[in-house]
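Structure, as C-alpha coordinates:
Quick note: residue numbers are just sequence positions, from 1. Because only heavy atoms are used, hydrogens play no part in the values below, and waters and symmetry mates are left out as well, while side chains stay in.
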Amino acid sequence: MRLSIFGLGYVGSVSLGCLARDGHQVVGVDIDEVKLNLIRQGKSPVIEEGMPELIAATVKQGSVEVTDDVGMGVDNTDISFICVGTPSLKNGDQDQNAILRLTEQLGQALKRKSERHILVYRSTLVPGTVEKTLIPALESNSGKRNGVDFDVCYQPEFLREGSSINDYDKPPFTVIGATNPDAHAKLRDLFGHLPCEYRETTISTAETMNYFCNIFHAVKITFANEVARLCEGMQVD
(Lines give C-alpha, C1' and ligand atoms only; values in the text may rest on other atoms or scores of the structure.)
Protein backbone atom coordinates (compact mmCIF):
# COMPACT_ATOMS: atom_id res chain seq x y z
CA MET A 1 0.00 0.00 0.00
CA ARG A 2 0.96 3.66 -0.30
CA LEU A 3 1.12 5.06 3.23
CA SER A 4 2.08 8.32 4.93
CA ILE A 5 3.19 8.93 8.51
CA PHE A 6 2.66 12.39 10.01
CA GLY A 7 5.00 13.04 12.93
CA LEU A 8 8.38 11.28 12.95
CA GLY A 9 8.92 11.05 16.68
CA TYR A 10 9.12 7.75 18.51
CA VAL A 11 5.89 6.12 17.32
CA GLY A 12 6.02 7.65 13.85
CA SER A 13 9.62 6.63 13.13
CA VAL A 14 9.12 3.05 14.32
CA SER A 15 5.89 2.75 12.31
CA LEU A 16 7.59 4.19 9.21
CA GLY A 17 10.47 1.70 9.40
CA CYS A 18 8.30 -1.35 10.12
CA LEU A 19 5.68 -0.59 7.47
CA ALA A 20 8.39 0.01 4.85
CA ARG A 21 10.14 -3.22 5.89
CA ASP A 22 6.85 -5.07 5.36
CA GLY A 23 6.76 -4.02 1.70
CA HIS A 24 4.75 -0.80 1.70
CA GLN A 25 5.78 2.49 0.13
CA VAL A 26 5.91 5.03 2.97
CA VAL A 27 6.13 8.83 3.01
CA GLY A 28 7.24 10.40 6.30
CA VAL A 29 6.02 13.95 6.99
CA ASP A 30 7.41 16.26 9.67
CA ILE A 31 8.24 19.95 10.18
CA ASP A 32 11.61 19.14 11.78
CA GLU A 33 14.31 19.36 9.11
CA VAL A 34 16.81 17.60 11.37
CA LYS A 35 14.64 14.46 11.47
CA LEU A 36 13.98 14.63 7.74
CA ASN A 37 17.68 14.95 6.89
CA LEU A 38 18.62 12.09 9.20
CA ILE A 39 16.16 9.77 7.48
CA ARG A 40 17.27 10.94 4.02
CA GLN A 41 20.79 9.88 5.05
CA GLY A 42 19.49 6.49 6.19
CA LYS A 43 19.82 7.34 9.90
CA SER A 44 17.26 6.91 12.65
CA PRO A 45 15.87 10.07 14.30
CA VAL A 46 15.25 8.12 17.55
CA ILE A 47 17.59 6.06 19.70
CA GLU A 48 16.15 2.56 19.78
CA GLU A 49 17.56 -0.94 19.39
CA GLY A 50 17.35 -2.08 15.77
CA MET A 51 16.20 1.27 14.39
CA PRO A 52 19.51 2.36 12.76
CA GLU A 53 19.65 -0.85 10.75
CA LEU A 54 15.93 -0.75 9.91
CA ILE A 55 15.94 2.84 8.64
CA ALA A 56 19.18 2.32 6.71
CA ALA A 57 17.79 -0.77 4.96
CA THR A 58 14.41 0.70 4.04
CA VAL A 59 15.88 3.96 2.75
CA LYS A 60 18.45 2.04 0.69
CA GLN A 61 15.76 -0.11 -0.93
CA GLY A 62 13.79 3.02 -1.87
CA SER A 63 10.63 2.29 0.11
CA VAL A 64 10.91 5.44 2.29
CA GLU A 65 10.83 9.10 1.40
CA VAL A 66 10.32 12.15 3.60
CA THR A 67 8.91 15.65 3.19
CA ASP A 68 7.61 18.66 5.13
CA ASP A 69 4.73 19.05 2.64
CA VAL A 70 1.39 17.90 4.10
CA GLY A 71 -0.23 17.96 0.66
CA MET A 72 2.37 15.59 -0.76
CA GLY A 73 1.79 13.18 2.10
CA VAL A 74 -1.93 13.05 1.32
CA ASP A 75 -1.83 13.28 -2.49
CA ASN A 76 0.62 10.43 -3.04
CA THR A 77 -0.81 7.91 -0.56
CA ASP A 78 -4.01 6.04 0.29
CA ILE A 79 -3.79 5.91 4.10
CA SER A 80 -2.28 8.45 6.49
CA PHE A 81 -1.24 7.75 10.09
CA ILE A 82 -1.15 10.77 12.42
CA CYS A 83 1.42 10.33 15.20
CA VAL A 84 2.13 13.87 16.41
CA GLY A 85 2.69 14.48 20.12
CA THR A 86 0.00 15.56 22.58
CA PRO A 87 2.03 16.43 25.71
CA SER A 88 0.57 17.42 29.06
CA LEU A 89 0.27 21.07 30.06
CA LYS A 90 1.20 22.28 33.55
CA ASN A 91 -2.44 22.17 34.63
CA GLY A 92 -2.78 18.53 33.49
CA ASP A 93 -4.73 19.30 30.34
CA GLN A 94 -3.63 17.90 26.99
CA ASP A 95 -1.79 20.19 24.59
CA GLN A 96 -3.58 19.54 21.30
CA ASN A 97 -2.23 22.54 19.39
CA ALA A 98 -0.03 20.50 17.06
CA ILE A 99 -2.69 17.95 16.17
CA LEU A 100 -5.31 20.66 15.63
CA ARG A 101 -3.01 22.59 13.25
CA LEU A 102 -2.15 19.43 11.36
CA THR A 103 -5.81 18.40 11.13
CA GLU A 104 -6.67 21.74 9.52
CA GLN A 105 -3.86 21.21 6.99
CA LEU A 106 -5.03 17.65 6.33
CA GLY A 107 -8.54 18.94 5.66
CA GLN A 108 -7.19 21.46 3.15
CA ALA A 109 -5.21 18.69 1.44
CA LEU A 110 -8.32 16.47 1.28
CA LYS A 111 -10.18 19.32 -0.42
CA ARG A 112 -7.80 19.07 -3.39
CA LYS A 113 -7.85 15.26 -3.62
CA SER A 114 -10.42 13.45 -5.72
CA GLU A 115 -9.73 9.91 -4.47
CA ARG A 116 -11.10 8.69 -1.14
CA HIS A 117 -8.52 8.79 1.65
CA ILE A 118 -8.24 7.11 5.07
CA LEU A 119 -6.88 9.04 8.07
CA VAL A 120 -5.79 7.01 11.10
CA TYR A 121 -5.09 8.93 14.30
CA ARG A 122 -2.57 7.24 16.62
CA SER A 123 -1.77 10.13 18.97
CA THR A 124 -2.95 9.81 22.57
CA LEU A 125 -6.19 11.80 22.75
CA VAL A 126 -8.79 12.53 25.40
CA PRO A 127 -11.74 10.22 24.57
CA GLY A 128 -14.18 11.97 22.27
CA THR A 129 -11.60 14.24 20.64
CA VAL A 130 -11.71 12.60 17.21
CA GLU A 131 -15.48 12.68 16.78
CA LYS A 132 -16.19 15.97 18.55
CA THR A 133 -13.20 18.05 17.41
CA LEU A 134 -11.03 16.51 14.70
CA ILE A 135 -13.66 15.16 12.30
CA PRO A 136 -15.58 18.49 12.31
CA ALA A 137 -12.28 20.29 11.62
CA LEU A 138 -11.52 17.96 8.71
CA GLU A 139 -15.00 18.44 7.28
CA SER A 140 -15.00 22.23 7.60
CA ASN A 141 -11.56 22.58 6.00
CA SER A 142 -12.17 20.09 3.20
CA GLY A 143 -15.81 20.77 2.42
CA LYS A 144 -16.24 16.97 2.41
CA ARG A 145 -17.93 14.45 4.69
CA ASN A 146 -16.45 11.72 6.85
CA GLY A 147 -17.74 8.32 5.80
CA VAL A 148 -18.65 9.63 2.36
CA ASP A 149 -15.60 11.37 0.86
CA PHE A 150 -12.95 10.22 3.36
CA ASP A 151 -12.72 7.94 6.39
CA VAL A 152 -11.34 8.59 9.87
CA CYS A 153 -10.08 5.82 12.18
CA TYR A 154 -8.29 5.58 15.51
CA GLN A 155 -5.60 3.01 16.27
CA PRO A 156 -3.92 2.95 19.71
CA GLU A 157 -0.23 2.09 19.84
CA PHE A 158 1.34 -0.11 22.52
CA LEU A 159 5.06 0.41 21.91
CA ARG A 160 7.54 0.31 24.80
CA GLU A 161 10.81 2.20 24.55
CA GLY A 162 13.63 -0.29 24.28
CA SER A 163 11.56 -3.01 22.60
CA SER A 164 9.41 -1.07 20.15
CA ILE A 165 10.18 -3.08 17.00
CA ASN A 166 9.40 -6.33 18.80
CA ASP A 167 6.23 -4.76 20.24
CA TYR A 168 5.20 -3.63 16.75
CA ASP A 169 5.62 -7.18 15.44
CA LYS A 170 4.02 -8.87 18.48
CA PRO A 171 1.46 -6.49 20.01
CA PRO A 172 -0.86 -7.64 22.82
CA PHE A 173 -3.76 -6.93 20.45
CA THR A 174 -4.61 -4.73 17.49
CA VAL A 175 -7.45 -2.26 18.08
CA ILE A 176 -9.01 -0.28 15.24
CA GLY A 177 -11.79 2.22 15.87
CA ALA A 178 -13.76 3.16 12.75
CA THR A 179 -17.29 3.74 11.52
CA ASN A 180 -16.94 2.45 7.96
CA PRO A 181 -16.67 -1.30 7.17
CA ASP A 182 -14.49 -0.54 4.13
CA ALA A 183 -11.96 1.31 6.31
CA HIS A 184 -11.94 -1.62 8.74
CA ALA A 185 -11.25 -3.97 5.82
CA LYS A 186 -8.32 -1.89 4.54
CA LEU A 187 -6.70 -1.78 7.99
CA ARG A 188 -7.28 -5.49 8.51
CA ASP A 189 -5.37 -6.04 5.24
CA LEU A 190 -2.57 -3.93 6.68
CA PHE A 191 -2.36 -5.37 10.21
CA GLY A 192 -4.31 -8.64 10.13
CA HIS A 193 -1.12 -10.69 9.70
CA LEU A 194 0.14 -9.78 13.18
CA PRO A 195 0.06 -12.68 15.67
CA CYS A 196 -2.59 -11.26 17.99
CA GLU A 197 -6.31 -10.69 18.38
CA TYR A 198 -7.69 -8.07 15.97
CA ARG A 199 -10.49 -6.00 17.52
CA GLU A 200 -12.85 -3.72 15.61
CA THR A 201 -14.38 -1.04 17.84
CA THR A 202 -15.89 2.42 17.69
CA ILE A 203 -13.53 5.40 17.57
CA SER A 204 -14.37 6.53 21.11
CA THR A 205 -13.80 3.01 22.48
CA ALA A 206 -10.34 2.85 20.87
CA GLU A 207 -9.46 6.31 22.23
CA THR A 208 -10.58 5.27 25.71
CA MET A 209 -8.59 2.03 25.64
CA ASN A 210 -5.44 3.95 24.77
CA TYR A 211 -6.01 6.63 27.39
CA PHE A 212 -6.70 4.25 30.25
CA CYS A 213 -3.90 1.85 29.32
CA ASN A 214 -1.57 4.84 29.70
CA ILE A 215 -3.20 5.80 33.01
CA PHE A 216 -2.86 2.23 34.32
CA HIS A 217 0.86 2.19 33.46
CA ALA A 218 1.24 5.50 35.31
CA VAL A 219 -0.55 4.01 38.34
CA LYS A 220 1.83 1.03 38.39
CA ILE A 221 4.89 3.29 38.16
CA THR A 222 3.55 5.60 40.89
CA PHE A 223 2.82 2.61 43.14
CA ALA A 224 6.34 1.23 42.64
CA ASN A 225 7.84 4.63 43.47
CA GLU A 226 5.74 4.92 46.64
CA VAL A 227 6.82 1.43 47.74
CA ALA A 228 10.45 2.41 47.13
CA ARG A 229 10.07 5.57 49.27
CA LEU A 230 8.39 3.62 52.07
CA CYS A 231 11.10 0.93 52.05
CA GLU A 232 13.83 3.56 52.05
CA GLY A 233 12.25 5.16 55.13
CA MET A 234 12.17 1.76 56.87
CA GLN A 235 15.73 0.99 55.70
CA VAL A 236 14.45 -2.04 53.78
CA ASP A 237 16.09 -3.02 50.50
Practice item. Tell me yes or no: between the side chains of Thr205 and Thr208, is some donor less than 3.5 Å from an acceptor? Key: no
Point to revise | Stepwise side chain to side chain contact (heavy atoms under 4.5 Å, CB included) check, Ile55 with Val64 | key: CA-CA 9 Å; Ile55 295 297; Val64 167; over 6 Å; no
Point to revise | Beyond-backbone contact of Asp167 with Asp169, side-chain heavy atoms, under 4.5 angstrom | key: no
Practice item. Compute whether any side-chain donor of one residue and acceptor of the other, for Ser4 and Ser80, lie under 3.5 angstrom apart. Key: yes
Extract all donor-acceptor atom pairs below 3.5 Å that involve side chains of residues 228-237 and protein atoms in other chains or at least two apart in sequence.
from	atom 1	to	atom 2	distance (Å)
Arg229	NH1	Glu226	OE2	2.7

Check your understanding: Quick one: side-chain contact (heavy atoms from CB on, under 4.5 Å) partners of Asp68, sequence neighbours excluded?
Key -> Glu33, Leu36
Practice item. Please list all pairs passing the salt bridge (Lys or Arg N to Asp or Glu O under 4.0 Å) test where one or both residues lie in residues 127-150, with sequence neighbours left out. Key: none
Exercise for review: Would you list the pairs meeting salt bridge (Lys or Arg N to Asp or Glu O under 4.0 Å) in which at least one residue belongs to residues 172-200, sequence neighbours left out?
Suggested key: Arg188-Glu200, Glu197-Arg199
Exercise for review: Kindly compute the distance separating CG (Asn141) from CG (Leu110), expressed to the nearest 0.5 Å.
Suggested key: 9.5 Å
Exercise for review: State whether the number of non-hydrogen atoms from other residues, nucleotides or ligands found under 6.0 Å of Lys220 atom NZ is greater than 12.
Suggested key: yes
Check your understanding: Heavy-atom distance under 4.5 Å between the side chains of Thr86 and Asp95, does that happen here?
Key -> no
Review point. What pairs with Asp78 under salt bridge (Lys or Arg N to Asp or Glu O under 4.0 Å), at least two apart in sequence or on another chain?
Key: Arg2
**Study point:** Thr58 side-chain N/O to Leu54 backbone N/O, donor-acceptor pair under 3.5 Å
**Key:** yes
Check your understanding: Hey, what do you get for CD (Gln96) to CG (Leu89), rounding to the nearest 0.5 Å?
Key -> 9.5 Å
Exercise for review: Indicate yes or no for a side-chain donor-acceptor contact from Gln61 to the backbone of Arg21 under 3.5 Å, with no hydrogens or angles considered.
Suggested key: no
Check your understanding: What residues join Val148 in its hydrophobic cluster, counting side-chain heavy atom gaps under 4.5 Å, either direct or through other members?
Key -> none
Exercise for review: Taking Lys113 for its side chain and Val74 for its backbone only, find out whether a donor-acceptor pair lies under 3.5 Å.
Suggested key: yes
Check your understanding: Between the side chain of Ser44 and the main-chain N/O of Met51, is any donor-acceptor distance below 3.5 Å?
Key -> no
**Study point:** Pairwise ring pair (Phe, Tyr, Trp, His ring centres under 6.0 Å) hits with a residue in residues 4-37, at least two apart
**Key:** none
Point to revise | Heavy-atom side-chain proximity of Val152 to Val130 below 4.5 angstrom | key: yes
Review point. Is the number of heavy atoms from other residues, nucleotides or ligands under 6.0 Å of Leu100 CG greater than 12?
Key: yes
**Study point:** For Asn91, side chain to side chain donor-acceptor pair (under 3.5 Å) partners two or more places apart
**Key:** Asp93
Point to revise | Test item: Gln155 and Tyr121 side chains (from C-beta on) under 4.5 Å apart, heavy atoms | key: no
Point to revise | Expected output: side-chain Glu48 to main-chain Gly162 donor-acceptor under 3.5 Å | key: yes
Practice item. Tell me who clusters with Leu38, hydrophobic residues only, linked when side chains sit under 4.5 Å apart either directly or through other members. Key: Val34
**Study point:** Hphob cluster co-occupancy, Leu119 + Leu102, side-chain heavy atoms under 4.5 angstrom
**Key:** yes
Practice item. For Gln41 and Lys43, indicate whether the former's side chain and the latter's backbone hold a donor-acceptor pair under 3.5 Å. Key: no
Exercise for review: Check whether any side-chain heavy atom of Val27 sits under 4.5 Å from a side-chain heavy atom of Leu3, and report yes or no.
Suggested key: no
**Study point:** Salt bridge flag under 4.0 Å for residues Arg116 and Asp151
**Key:** yes
Exercise for review: Could you note down all residue pairs passing ring pair (Phe, Tyr, Trp, His ring centres under 6.0 Å) where residues 128-170 supplies at least one of them, sequence neighbours left out?
Suggested key: Phe158-Phe173
Check your understanding: Which residues pass the side-chain contact (heavy atoms from CB on, under 4.5 Å) test with Leu194, sequence neighbours left out?
Key -> Pro171, Thr174, Phe191, Cys196
Review point. Quick one: salt bridge (Lys or Arg N to Asp or Glu O under 4.0 Å) partners of Arg122, sequence neighbours excluded?
Key: none
